[in-house]
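Data first, discussion second: the structure below is written as structure tokens.
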Amino acid sequence: MAARVVTVAFEGVDARRVDVEAQLTGGEFAFIVVGLGDKAVGESRERVRAAFMGLGLAMPGKRIIVNLAPADLPKVGSHYDLPIALAVMAAMGVIAPDSLSGWAAVGELSLDGRIVQTAGALPASVAAGGMDLGLICPEACGPEAAWAGETRVLAAPSLIALVNHFRGTQMLSPPRPGPMREAERGPDLREVKGQENAKRALEIAAAGGHNLAFMGPPGSGKSMMAARLPGLLPPLTPEELLETSMVHSVAGLIAKGELTRARPFRAPHHSASMAALTGGGLKAKPGEVSLAHNGVLFLDELPEFSAQALDSLRQPLETGEVIVARANAHVRYPARVQLVAAMNP
Ligand SMILES: Nc1ncnc2c1ncn2[C@@H]1O[C@H](COP(=O)(O)OP(=O)(O)O)[C@@H](O)[C@H]1O
Ligand SMILES: [Mg+2]
């Protein structure tokens with residue numbers, strides 16, 4: 001009999017449904033995971049085996065096949081550990097298979113069976129709610145996942161706690177959303193002496209959402225003024241807060257479920273690569289221009305950035321989103337920013 005557990009694959013800030021099916025068949029012991037997983041997914045088998053041992057649970061002496069469907073969607077990351085372990089446990093009869101039918105699960109396992117934090121709990125929770133499912137996630141991700149509002153969240157510290165919950169011996173209580181940091185007053189424009197024209201330009205740029213370039217000799221207060229732009233901008237609207245937090249969640253930047261209403265201010269160094277600025281790399285992570293979504297991207301010493309890096313910003317600045325190429329897919333991230341540049345003449 002095949003047991004099924006739902007999880008998600010991240011495509012930018014979208015989380016797409018993935019079904020994890022586990023089946024035990026006769027024959028020699030084998031533990032096989034198929035379905036276009038990356039290296040982390042392949043290694044998941046070892047973590048699941050070790051976590052089962054930690055629970056005192058022997059793997060059945062059969063052929064265990066785990067299928068990640070749809071097979072043509074690339075599966076990247078370590079958050080497949082938990083759904084794979086749950087599907088295998090359900091196939092073994094350790095957990096009643098139908099007790100998992102209302103849930104999606106994400107989480108990485110440690111060798112002793114603890115469920116470790118993974119990135120993307122917020123989009124996973126939003127996606128689970130969209131599928132009319134609750135979300136099972138690591139305890140550390142609970143406050144973040146709970147921000148999705150409607151979605152039921154089960155935040156478990158370990159595999160054993162989850163088994164006990166589903167057996168009804170020890171129920172887990174639902175997590176509360178993490179704290180909300182209000183847009184506190186950052187550095188104040190009042191501290192800038194003189195420079196009336198530049199200050200006026202900064203205020204106009206803040207009011208109209210314009211891009212801005214400062215040109216002037218070293219020490220004239222360009223960096224100082226740029227850092228004071230977020231303080232002039234209004235706090236994020238609830239919709240913007242969700243968009244920006246989704247990007248930060250996928251990047252693993254939300255600590256303890258704390259969201260902030262302050263607009264992001266990102267100031268990448270001029271040695272930053274194109275991938276660091278616009279996103280990319282092995283896991284197609286969001287770049288600085290997306291981490292600054294709904295906020296300010298400050299490029300200090302603009303001419304020192306590589307021509308390639310600057311060129312790569314052209315498209316996101318025009319369209320408000322960035323398309324990152326990955327081996328066999330394109331990933332889209334939002335990237336609506338106010339660009340502030342500074343340079344010496
Ligand atoms: N107009 C100004 N009013 C007050 N302090 C200033 C002003 N201009 C420069 N400073 C001081 O000089 C320091 C260096 O300025 P900075 O903003 O780094 O200059 P730039 O980026 O143009 O090279 C600031 O941290 C600040 O202490
Ligand atoms: Mg400077």
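Counting starts at 1 for both ligands and their atoms, in listed order. Small disclaimer: the values here were computed from a predicted structure and weren't measured.
Distance screen at 4.0 Å: atom 27 (O) of ligand 1 has no protein heavy-atom neighbour inside the cut-off. For atom 4 (C) of ligand 1, a protein non-hydrogen atom is found at a distance below 4.0 Å.
Heavy-atom proximity to Pro218, at under 4.0 Å, picks out these atoms of ligand 1: 23 (O). Against a heavy-atom cut-off of under 4.0 Å, Lys193 is close to the following atoms of ligand 1: 1 (N), 2 (C), 3 (N), 4 (C). Here is the list of ligand 1 atoms found below 4.0 Å of a heavy atom in Glu191: 3 (N), 4 (C). Heavy-atom proximity to Val192, at under 4.0 Å, picks out these atoms of ligand 1: 1 (N), 3 (N). Listed by number with element, the atoms of ligand 1 under 4.0 Å from a non-hydrogen atom of Lys222 are 17 (O), 19 (O), 20 (P), 21 (O), 22 (O), 23 (O).
Judged purely by atom type and a 3.5 angstrom limit, Lys285 uses its side chain to pair as donor or acceptor with the backbone of Val250.
At a cut-off of 2.8 Å, Met224 does not coordinate the Mg ion (ligand 2) through any N, O or S atom.
Annotation: salt bridge (charged side-chain N to carboxylate O under 4.0 Å, His left out) contacts of Glu21 (sequence neighbours excluded): Arg4.
With a 4.0 Å cut-off on non-hydrogen atoms, Pro217 touches ligand 1 through its backbone and not its side chain. Of the heavy atoms in Gln195, only side-chain atoms (C-beta onward) come closer than 4.0 Å to ligand 1.
Of the residues Val106, Val5, Leu100, the one that meets the side-chain contact (heavy atoms from CB on, under 4.5 Å) test with Ile136 is Leu100.
The local environment of CZ in Arg266 is crowded, with over 12 non-hydrogen atoms from other residues, nucleotides or ligands closer than 6.0 Å. Surrounding CD of Glu191 are more than 12 heavy atoms belonging to other residues, nucleotides or ligands, all under 6.0 Å away. Arg152 CZ: more than 12 foreign heavy atoms inside a 6.0 Å radius. By the 6.0 Å contact criterion, CD on Glu182 is enclosed, its count of non-hydrogen atoms from other residues, nucleotides or ligands being greater than 12. No more than 12 heavy atoms of other residues, nucleotides or ligands lie within 6.0 Å of CE in Met53, so this atom counts as exposed by the packing criterion.
Here Arg314 does not pair with Glu318 in a salt bridge; the nearest charged N to carboxylate O distance is not below 4.0 Å.
Residue, atom and distance of the protein heavy atom nearest to atom 24 (C) of ligand 1 are Met224 SD, 4.0 Å. Nearest protein heavy-atom contact of atom 19 (O) of ligand 1 is Gly221 N, 3.1 Å.
For a threshold of 3.5 Å applied to N or O pairs, the pair formed by Ser223 and ligand 1 contains at least one separation below that value.
Counting only N and O atoms by type, the side chains of Asn294 and Arg263 include no donor and acceptor under 3.5 Å apart.
The closest approach between any non-hydrogen atom of Ser220 and ligand 1 is below 4.0 Å. Residue contacts with ligand 1 include Gly219, since one of its heavy atoms falls under 4.0 Å from the ligand.
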